[in-house]
Enquirer: 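Below you'll find the structure I mean.
Every chain is numbered from 1, with letters handed out A, B, ... down the list of sequences.
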Amino acid sequence: MQGQNQQQAYDRGITIFSPDGRLYQVEYAREAVKRGTASVGVRTADGVVLAADRHARSPLLERDSIEKIHKADDHVGIASAGHVADARQLIDLARRQAQVNHLRYGEEIGVESLTKEVTDYIQQYTQTGGARPFGVALLVGGIEDGEPRLFETDPSGTPYEWQAVAIGGDRDEIQTFLEEEYDEGMDLEAGLSLALRALGSVSDDGLDATGVDVATIDVESEQFTALSEDEIAERVTELELEGDDDE
Amino acid sequence: MQGQNQQQAYDRGITIFSPDGRLYQVEYAREAVKRGTASVGVRTADGVVLAADRHARSPLLERDSIEKIHKADDHVGIASAGHVADARQLIDLARRQAQVNHLRYGEEIGVESLTKEVTDYIQQYTQTGGARPFGVALLVGGIEDGEPRLFETDPSGTPYEWQAVAIGGDRDEIQTFLEEEYDEGMDLEAGLSLALRALGSVSDDGLDATGVDVATIDVESEQFTALSEDEIAERVTELELEGDDDE
Amino acid sequence: MQGQNQQQAYDRGITIFSPDGRLYQVEYAREAVKRGTASVGVRTADGVVLAADRHARSPLLERDSIEKIHKADDHVGIASAGHVADARQLIDLARRQAQVNHLRYGEEIGVESLTKEVTDYIQQYTQTGGARPFGVALLVGGIEDGEPRLFETDPSGTPYEWQAVAIGGDRDEIQTFLEEEYDEGMDLEAGLSLALRALGSVSDDGLDATGVDVATIDVESEQFTALSEDEIAERVTELELEGDDDE
Amino acid sequence: MQGQNQQQAYDRGITIFSPDGRLYQVEYAREAVKRGTASVGVRTADGVVLAADRHARSPLLERDSIEKIHKADDHVGIASAGHVADARQLIDLARRQAQVNHLRYGEEIGVESLTKEVTDYIQQYTQTGGARPFGVALLVGGIEDGEPRLFETDPSGTPYEWQAVAIGGDRDEIQTFLEEEYDEGMDLEAGLSLALRALGSVSDDGLDATGVDVATIDVESEQFTALSEDEIAERVTELELEGDDDE
Amino acid sequence: MQGQNQQQAYDRGITIFSPDGRLYQVEYAREAVKRGTASVGVRTADGVVLAADRHARSPLLERDSIEKIHKADDHVGIASAGHVADARQLIDLARRQAQVNHLRYGEEIGVESLTKEVTDYIQQYTQTGGARPFGVALLVGGIEDGEPRLFETDPSGTPYEWQAVAIGGDRDEIQTFLEEEYDEGMDLEAGLSLALRALGSVSDDGLDATGVDVATIDVESEQFTALSEDEIAERVTELELEGDDDE
Amino acid sequence: MQGQNQQQAYDRGITIFSPDGRLYQVEYAREAVKRGTASVGVRTADGVVLAADRHARSPLLERDSIEKIHKADDHVGIASAGHVADARQLIDLARRQAQVNHLRYGEEIGVESLTKEVTDYIQQYTQTGGARPFGVALLVGGIEDGEPRLFETDPSGTPYEWQAVAIGGDRDEIQTFLEEEYDEGMDLEAGLSLALRALGSVSDDGLDATGVDVATIDVESEQFTALSEDEIAERVTELELEGDDDE
Amino acid sequence: MQGQNQQQAYDRGITIFSPDGRLYQVEYAREAVKRGTASVGVRTADGVVLAADRHARSPLLERDSIEKIHKADDHVGIASAGHVADARQLIDLARRQAQVNHLRYGEEIGVESLTKEVTDYIQQYTQTGGARPFGVALLVGGIEDGEPRLFETDPSGTPYEWQAVAIGGDRDEIQTFLEEEYDEGMDLEAGLSLALRALGSVSDDGLDATGVDVATIDVESEQFTALSEDEIAERVTELELEGDDDE
């Protein structure tokens with residue numbers, strides 16, 4: 001009986017407060033994020049690493065079409081977790097904002113500014129009626145004034161800045177792993193290893209280089225760089241993260 | 001009692017999240033896709049094949065009026081499964097976008113760009129109130145920069161790229177068949193055979209050439225080409241896919 | 001109890017998907033079509049026949065005011081079944097589209113194009129909130145490029161092309177009759193007989209010439225021609241379709 | 001329990017289909033028509049008669065302010081039954097349409113065209129949300145191309161043409177009376193008698209000349225003419241329709 | 001149980017038909033009229049009388065601020081009963097319409113035209129969603145073409161013309177009194193007496209001159225004239241309508 | 001069970017009539033007024049007094065920020081009771097209207113006109129959907145044509161003029177006190193005493209000068225004047241209204 | 001059973017009055033404020049102190065990205081408690097208003113004016129449908145005309161001015177602490193100590209300098225100044241507010 005009434009409850013339109021001050025639709029949108037595969041971000045002294053699990057439901061599906069890491073501007077990458085179609089909308093927004101900044105001010109948009117443009121947009125979908133919240137979380141990583149920055153956006157429209165963070169499925173376990181292993185002084189390569197190991201820490205079958213998407217934005221070049229499958233495979237092997245296929 | 005309450009639940013307006021982070025209206029729209037007859041897409045080295053089941057409810061119905069495969073542009077074909085009237089809207093959208101590209105840039109629209117224009121449009125119907133999602137999935141196949149491409153759009157507005165894929169009724173069985181039989185190196189003719197055999201694999205009564213719609217877009221001509229009934233019949237016979245009418 | 005809950009269910013506003021992927025309001029609109037008297041269309045080698053049952057609830061009602069067959073353009077006729085006031089809106093739409101085509105391109109609109117203009121309009125009323133679907137089906141018959149064409153539109157907004165088809169009350173029985181009796185090679189006069197016999201097949205009391213509306217669009221003249229009551233009576237007598245009033 | 005649930009059902013906003021394809025709000029609007037006093041129309045060879053019951057709830061109420069028969073244009077009269085305030089809106093619409101026709105084309109609007117302008121307007125209130133249907137039926141009588149015409153509009157927005165027809169309270173009994181007594185060849189005076197007798201046939205207390213509103217539109221003058229109370233009283237006496245006040 | 005369900009029923013938004021063809025919100029608005037104190041109108045040969053009960057809930061309340069009779073134009077007065085704030089809106093509308101008529105046509109607006117402008121406005125609030133009906137009835141009295149006219153508007157938007165009429169609390173009793181005592185040939189002074197006696201007929205405590213508002217619009221001057229408290233007191237005394245305060 | 005159903009009932013959107021002709025949302029808004037602390041207005045021969053209780057929930061709260069009496073124009077003050085944030089909107093409206101009058105006509109707005117601008121605005125929130133009524137009552141006091149005027153606005157949008165009146169918590173008790181003690185001939189100082197005594201009559205702990213807000217608008221200066229805390233304290237002492245803190 | 005019905009109740013759209021005159025959505029929004037960590041404001045003779053608890057859920061989260069205290073203009077700071085994404089919208093509004101004032105009037109906006117711009121905006125979200133209230137409270141502190149001012153905004157849109165105040169979690173306990181310890185004559189440094197001690201009074205584990213955000217706006221410089229982590233740590237140590245980590 002309770003289950004059915006709850007079903008009625010969330011099937012009503014607008015996002016409003018419950019008696020204990022919670023926004024149910026936003027909390028349910030957070031569940032949608034958890035239903036997605038995980039993404040990880042690590043900020044190091046000389047750049048930011050974004051890594052994402054993109055295992056496919058069929059061997060015939062092109063892994064590259066599972067969009068988990070996106071280039072938002074030359075100096076900014078975005079990893080997502082959750083409802084894929086929603087993520088696309090926010091990433092398009094971020095790209096447009098980055099372009100507008102180039103056109104208007106002749107310079108690159110700041111990573112923090114860009115993140116807040118996105119979270120302000122998300123917030124509107126949690127307050128005004130006639131639409132549901134976005135069921136997606138983003139990691140926005142990039143270089144601003146020569147410094148690496150790493151932000152998270154959540155379905156409530158709150159921006160957070162992190163040293164290292166996970167979103168999506170198994171977030172809690174991966175975050176614990178990051179908290180234990182993160183070292184503020186690590187370089188980009190170490191960060192890259194940490195990101196892969198973090199993703200691998202929740203995988204029973206080991207990591208498959210084709211099932212992981214990795215990109216870096218380093219302080220020197222200030223360029224978003226996607227790693228090739230070979231580059232990823234090399235590190236997965238080095239880190240002994242492959243699964244033991246024989247068993 | 002449960003049934004009735006569920007009925008109330010889905011009869012409410014807007015698409016919103018359930019407590020476990022799912023969008024029920026989108027999932028119900030996926031059911032609408034499964035209620036349609038199957039369509040199959042196969043990408044080969046030298047082109048893309050689209051094939052669709054279009055069996056008719058009456059012998060007096062013109063098979064050609066059961067629209068399953070559509071030419072979107074010279075170099076792009078679209079196969080659909082699900083709610084027919086919804087499919088028509090999305091295909092009109094795709095055609096308009098292709099024309100706009102010709103007019104604006106003097107060149108053909110990319111297959112991926114075209115697909116994403118369509119999925120972005122679909123996504124809006126899953127987030128903003130006052131309308132229901134589209135109850136249809138599409139296969140968008142074509143040639144881009146000399147390469148064959150094959151995309152799927154689903155009711156959530158997510159684009160996927162495939163080597164070979166099925167949508168609509170019996171999707172799971174057909175997809176399993178494709179996964180077992182697909183070979184990356186196969187040529188267009190082999191792909192065509194695979195597509196027909198895949199459709200035939202779920203048909204107890206065998207395939208009827210008049211009940212199948214087939215088109216190819218090959219790398220050489222970069223042209224959408226619909227097969228004639230004779231061309232289809234010839235292959236059905238060769239592949240021994242006809243039903244045994246005597247029994 | 002179930003009845004009441006269903007009543008609540010359909011009395012809610014917008015057309016959305018049920019858990020099994022159906023659009024209830026569209027299916028209920030199909031029931032509205034069945035509540036109307038039947039209309040029949042038959043495509044023959046040299047033209048299209050439209051015939052419709054229009055029996056009146058009172059002898060004082062002018063039969064001609066029971067609008068079942070309408071001239072949409074010189075070369076196109078439309079027969080309807082279902083909610084009369086809804087039919088009027090769609091027929092007005094069809095007439096306007098036909099006129100616009102004359103004005104814009106200086107030529108007659110194609111029968112298929114005209115049908116699809118109508119079905120696209122119908123589809124919008126099944127997806128966007130704030131209105132109910134159209135409770136009417138149409139048969140659109142005419143000549144296009146010298147060829148007879150016969151289309152059906154249904155409340156979902158799907159167009160179908162037919163050799164012979166029935167809509168409205170007793171549709172299934174009449175369609176079965178048509179499937180048994182239809183012959184692709186029949187001429188217009190044979191088609192006319194078939195249409196009348198099909199309508200007569202579900203009438204216990206026989207056909208009354210004043211209770212039937214008949215029109216043809218033939219390949220030679222490409223003109224919509226309504227039959228006079230005498231012309232209809234003559235054929236009803238020949239076909240021995242009158243009821244036996246003495247019993 | 002059932003009663004209460006039905007009450008909930010009709011108290012919801014928009015006009016939509018029930019599972020058996022009916023539009024409940026339109027059917028309830030028809031009940032509103034039956035709650036009004038009756039109006040009768042009779043078409044004769046040389047003109048149309050409109051007659052209406054307008055008995056008053058208080059002797060101090062001015063009978064002339066009970067608006068039942070209205071002049072829409074010189075050559076068209078309209079009788080109404082049902083929700084009075086709704087009738088006023090439709091009659092204003094008809095008058096405006098008649099004027100527009102004079103201004104635009106320099107000629108009188110056809111009776112059929114005028115009726116269909118009104119029914120198209122009524123239909124919109126049965127399909128689009130945010131408003132209820134009109135709770136009124138109209139009889140539109142007039143001369144078109146020298147011929148008397150008599151139409152009915154109902155709350156669904158369907159136009160009907162009649163030889164003789166009743167709307168409002170006791171419609172069924174009066175219609176049966178008309179069917180028995182109507183003669184196609186009757187002249188205007190005979191039609192007038194028939195209309196009065198039809199109204200009288202359902203009145204236990206006889207007709208009161210002050211409680212009846214009568215108008216004619218004759219072929220010769222093509223003018224709407226309201227009968228004076230004396231003219232009506234004279235006929236009521238001749239037809240022996242007065243009640244027997246002594247008992 | 002029934003009470004609660006009814007409460008749910010009327011607490012839904014829009015004004016729609018019940019199964020028996022009634023508009024509940026309009027009927028409830030009529031109850032709001034009955035909750036107001038009574039107003040009376042009497043038409044005599046040489047003018048119209050408007051009288052209204054305006055007893056106050058506190059002796060400190062200024063009687064003049066209980067607005068029951070309003071001057072709409074030099075030649076038109078309006079008395080109201082029911083929801084006071086609603087009445088103000090309609091009286092403002094009437095005043096604006098009267099001014100517009102002066103500006104546009106250089107002449108006074110007719111009493112009937114003015115009434116129908118108001119009822120047309122009221123009707124819209126009973127058909128279109130997003131608002132409730134007006135909970136007020138008005139008596140519109142004035143001189144038109146040298147003749148006294150007296151109209152009533154009700155919450156459905158229906159105009160009625162009366163010789164003498166009551167609205168508001170105790171309407172039925174007062175109307176019966178008026179029907180018994182009204183004489184078509186009475187002069188304005190007799191009409192004034194009748195109006196006061198009618199109001200007094202339902203007052204157990206007698207009439208208090210300060211608790212009554214009276215105005216006349218006479219044929220000769222064609223001017224709205226409000227009676228002073230002394231003028232009212234004089235007549236109340238003459239008619240022996242004061243209460244017996246000693247008991 | 002009853003409680004829950006009522007909860008459902010008032011939690012629906014729009015303000016509509018109950019079967020007995022009441023507007024529940026307006027009545028609930030009147031309850032919101034009663035939840036506020038009281039305000040009192042007294043009209044005397046030489047000016048108007050406004051006094052208001054503004055006791056604070058914390059000693060650290062600045063009493064002056066509990067806005068109960070506001071200057072609307074040089075010659076008009078407004079006291080409020082009920083929902084504070086709503087009061088601010090209406091007072092802003094009053095101030096804007098007063099300014100507009102200065103700009104447009106070069107003169108001060110009349111107190112009655114100003115009150116009615118506000119009540120007309122309030123009324124709209126009780127009739128049109130999409131918003132709730134204002135949960136506040138106002139006392140509008142000022143000088144108009146040399147005369148002191150005192151008006152009340154309530155949540156229904158009705159204006160009342162008073163000699164002396166209370167709004168907010170304990171309204172009934174305070175009003176009874178005013179009715180017993182008010183004397184039409186009293187001067188401003190006597191009115192001021194009456195207002196303070198009225199507020200004190202419902203306070204068990206006596207009046208605290210810092211917990212009362214007082215202003216006058218006198219006939220001579222035609223100026224709104226707020227009393228200082230000392231001026232209030234002096235009178236509270238004189239009137240022996242302080243509480244007995246020792247007990 | 002009760003719980004479920006309440007759930008239904010608050011899950012309906014618009015903010016309206018309950019029978020006892022309360023606005024439930026506003027009260028639920030106040031609960032959202034309590035779910036946030038606390039913020040404290042203290043007004044002293046020579047400036048305003050804002051202090052806020054910003055403990056982080058993960059050591060990898062950048063404390064600075066937990067936005068609790070914001071600079072709105074050179075002379076105004078804002079501390080928030082509650083729904084973070086909502087707070088961002090209101091702070092952006094405040095910043096825009098401050099800039100507009102600079103542009104339009106060439107001077108700094110007053111602290112009170114700024115607060116009331118914000119509360120007027122908040123109020124609209126509690127009265128008009130289609131959106132929920134803001135789930136956040138703000139402390140607005142600054143210098144106006146050389147005087148320190150400290151305001152609170154709550155979810156109803158009411159502005160309050162305080163000497164010292166707490167918002168967010170544990171508000172009641174902290175406020176009691178402030179009431180006991182606040183001294184009107186204290187200087188800025190004493191106020192700063194009071195603010196930190198107030199926050200520490202509800203912390204079982206003691207205060208962590210990195211988990212507290214502190215800013216001052218002093219009368220002399222009229223500048224918003226954020227304290228460094230070292231400055232905070234120094235005071236936390238002096239006040240012996242650190243937790244005893246060994247146990």
Enquirer: Given the options D:E67, D:R30, D:E31, which has more heavy-atom pairs under 4.5 Å with chain E than any of the others?
Expert: D:E31

Enquirer: Identify which part of E:E152 has an atom lying under 4.5 Å from any heavy atom of chain D, answering side chain, backbone, both or neither.
Expert: side chain

Enquirer: Tell me, side chain or backbone of D:E27 under 4.5 Å from chain E's heavy atoms, or both, or neither?
Expert: neither

Enquirer: Hey, is the main chain of E:L188 close enough, under 3.5 Å, to the side chain of E:D46 for a donor-acceptor pair?
Expert: yes

Enquirer: If you round to the nearest 0.5 Å, how far is OH of E:Y160 from OG1 of E:T115?
Expert: 13.5 Å

Enquirer: With a 4.0 Å cut-off, would you call E:K116 and D:D92 a salt bridge?
Expert: no

Enquirer: Check whether E:L150 gets within reach of chain D through its side chain, its backbone, both or neither, counting any heavy atom under 4.5 Å.
Expert: neither

Enquirer: I'd like to verify something: which residue of D:D64, D:V33, D:L61, D:V84 has the highest number of heavy-atom pairs under 4.5 Å with chain E?
Expert: D:L61

Enquirer: Any idea which of E:R22, E:Q175, E:E184, E:Q123 has the most non-hydrogen atom pairs under 4.5 angstrom with chain D?
Expert: E:Q123

Enquirer: Return the orientation label for the E:F17 and D:H83 ring planes: parallel under 30°, perpendicular over 60°, tilted otherwise.
Expert: perpendicular

Enquirer: Pick whichever of D:A85, D:P59, D:A29 has the most heavy-atom pairs under 4.5 Å with chain E.
Expert: D:A85

Enquirer: For D:A94 and D:V118, work out which heavy atoms get closest and say how close.
Expert: CB-CG2, 4.2 Å

Enquirer: Distance-only, no hydrogens or angles: does the D:S58 side chain make a donor-acceptor pair with backbone N or O of D:L60 under 3.5 Å?
Expert: yes

Enquirer: Would you call E:R132-E:D86 a salt bridge at under 4.0 Å N-O?
Expert: yes

Enquirer: Side chain, backbone, both or neither: which part of E:Y182 has a non-hydrogen atom closer than 4.5 Å to chain D?
Expert: side chain

Enquirer: Flag the one option from D:E62, D:R63, D:K34 with the top tally of heavy-atom pairs under 4.5 Å to chain E.
Expert: D:E62

